[in-house]
Amino acid sequence: MRRQRISRHREDSFTLIELLVVIAIIAILAGMLLPALNQARLRARALECLSNGRQLGQYQLLYSGDNDDFFTPTKQINDGERNQITSAGTYTWFGRLVRHHYILNGAIGFCPSSYTDNRKDLILVARLRNASAGVHSTLLRISYGLANDFIGSSLRCGGSNTSAPAKMTQLKNPSRTICMADTVVKSGSDCTVNGHQLDYTLTSGGAGSGMPAGRHLNRATVIWCDGHAGSEKTPPFSPDLPPAVANPYTVDPFKNVKLNDPGNCWDRK
């Protein structure tokens, strides 16, 4: 009886080779599944970002409808507005939508694939609506930039450009005119900072001034002036690349962004 028990125990046990084979199979399966899971995670982030863009597009339309058809200016209009969100800082288009209760959840200003994680700060700004000095950096570093030169017009207190923001009725083709987009700022030799302002040249740096960023598998969320949002292809993007390498203005719909071009759909009527 004793010998039979020992023999049966040996038959039911894994040998070392069998155990290694099982481990190897698990490792192979994990290696096959992890890339697919990572792709799924990236696509989920892209969908969340697209949802943010759709909401921002609708808020811009609501603002326009309440303000004689004007889009939001990029920055503050006068000294009084400078202090409505912060006592030292910049009153951005995003801050304007927050201040006037169009945006209730500041989290929509944060792209989940962003390299600057200020989601909690944006939620706090939207909740307080009259934040203390210093929080202006949060408003400058949102993930989406407003088209500065044609839509927001860089209207600012004491600035050289005092033209008014665009009106919806001034646009030749609102559904093909970019209002906002995933934005990244030229910061030194890399592209790791967000910005509230979308500019059309790679040389324009400074706080909050940026270009479209293909953070979602080389695609960027773009919000058009008629309020709809979509995903647009960009060149390969990496936060470690200098802006000149990942130039989005070489592909549609960005390559037609040319200043003072009579045939440009970005020009106003």
Side-chain angles (χ1 to χ4, degrees), residues 43-77 81 84-85 91-114 118-119 121-129 138-153 155 164-183 194-198 208 210 212-213 215-216 219-232 253-254 265-266 268:
R43 288 193 175 91
R45 289 180 176 179
L47 288 174
E48 183 180 343
C49 181
L50 188 60
S51 175
N52 290 346
R54 287 170 178 159
Q55 292 180 70
L56 290 172
Q58 293 306 307
Y59 295 148
Q60 278 285 355
L61 291 183
L62 288 173
Y63 177 92
S64 177
D66 293 339
N67 290 274
D68 196 26
D69 210 28
F70 283 104
F71 287 93
T72 56
T74 305
K75 294 185 180 179
Q76 69 271 2
I77 295 175
E81 280 198 345
Q84 283 188 350
I85 285 288
Y91 190 27
T92 68
W93 66 270
F94 190 85
R96 180 182 296 272
L97 293 177
V98 167
R99 178 70 177 178
H100 295 286
H101 302 271
Y102 294 97
I103 293 177
L104 301 179
N105 183 2
I108 69 167
F110 174 73
C111 168
S113 293
S114 170
N118 60 349
R119 185 175 185 275
D121 293 333
L122 287 170
I123 292 173
L124 181 62
V125 167
R127 189 175 298 157
L128 295 178
R129 302 195 180 285
T138 296
L139 296 173
L140 288 173
R141 301 307 186 195
I142 61 175
S143 303
Y144 309 97
L146 176 67
N148 181 43
D149 296 326
F150 293 104
I151 306 303
S153 296
L155 190 62
K167 280 190 169 187
M168 178 70 77
T169 51
Q170 293 176 321
L171 304 180
K172 297 177 182 179
N173 190 350
S175 65
R176 294 304 298 166
T177 304
I178 296 173
C179 182
M180 295 167 278
D182 268 318
T183 311
N194 302 327
H196 77 284
Q197 184 172 305
L198 176 65
R215 287 189 280 256
H216 309 289
R219 302 188 75 88
T221 292
V222 176
I223 303 99
W224 305 90
C225 287
D226 68 345
H228 85 276
S231 178
E232 299 294 336
F254 308 111
C265 70
W266 294 74
R268 302 178 189 178

Checklist entry - To the nearest 0.5 Å, what is the distance between SG (Cys225) and CZ (Phe150)? => result 11.0 Å
Item to check | CG-OH distance between Asn52 and Tyr144, expressed to the nearest 0.5 angstrom | outcome: 4.0 Å
Next on the checklist: Could you tell me if the side chain of Thr183 sits less than 4.5 Å from the side chain of Ser143, heavy atoms only?
Outcome noted: no
Checklist entry - After noting the C-alpha distance and the side-chain angles of Asp69 and Gln170, does the key distance pass the side-chain contact (heavy atoms from CB on, under 4.5 Å) rule? => result CA-CA 9 Å; Asp69 210 28; Gln170 293 176 321; over 6 Å; no
Checklist entry - Taking side chain as C-beta onward, heavy atoms only, is Leu198 less than 4.5 Å from Leu146? => result no
Item to check | Closest contact, heavy atoms only, Thr74 versus Asn148 | outcome: OG1-OD1, 2.9 Å
Next on the checklist: Any heavy-atom pair between the side chains of Ser153 and Phe71 that's under 4.5 Å?
Outcome noted: no
Checklist entry - Less than 4.5 Å apart, any side-chain heavy atom of Leu50 and any of His216? => result no
Checklist entry - Would a 4.5 Å heavy-atom cut-off, applied to side chains only, mark Thr92 and Gln197 as touching? => result no
Checklist entry - When rounded to the nearest 0.5 angstrom, what is the spacing between CD in Gln55 and CG in Leu97? => result 12.0 Å
Checklist entry - Is there side-chain contact between Phe254 and Ile178, with heavy atoms separated by less than 4.5 Å? => result yes
Checklist outcome for this item: For Tyr59 and Tyr102 the tightest heavy-atom approach is CE2-O, 3.4 Å
Checklist entry - Heavy atoms, side chains only, cut-off 4.5 Å: are Arg215 and Thr221 in contact? => result no
Checklist entry - How far apart are the closest heavy atoms of Lys75 and Arg96, and which atoms are they? => result O-NH2, 3.8 Å
Checklist entry - What heavy-atom pair brings Ala166 and Leu171 nearest, and what distance separates the two atoms? => result CB-CD2, 4.3 Å
Checklist outcome for this item: Between the CH2 atom in Trp224 and the CG atom in Asn173, the distance rounded to the nearest 0.5 Å is 9.0 Å
Checklist outcome for this item: Closest non-hydrogen atoms of Gly53 and Ala229, given as atom of the first, atom of the second and distance, are C-CB, 3.8 Å
Next on the checklist: Nearest 0.5 Å, please: how far is CG in Leu122 from CD1 in Ile108?
Outcome noted: 9.5 Å
Item to check | Any donor-acceptor N/O pair, Arg219 side chain to Ser231 backbone, under 3.5 Å | outcome: yes
Next on the checklist: Working to the nearest 0.5 angstrom, can you tell me the gap between Leu62 CG and Asn67 CG?
Outcome noted: 10.5 Å
Next on the checklist: Looking at every non-hydrogen atom in both residues, tell me the closest pair between Asp226 and Leu61 and how far apart they are.
Outcome noted: O-CD1, 3.3 Å
Item to check | Student check: side-chain heavy atoms of Thr177 and Ile151 closer than 4.5 Å | outcome: yes
Checklist entry - Strictly by modelled atom types, are Gln60 and Thr72 linked by a side-chain donor-acceptor pair under 3.5 Å? => result yes
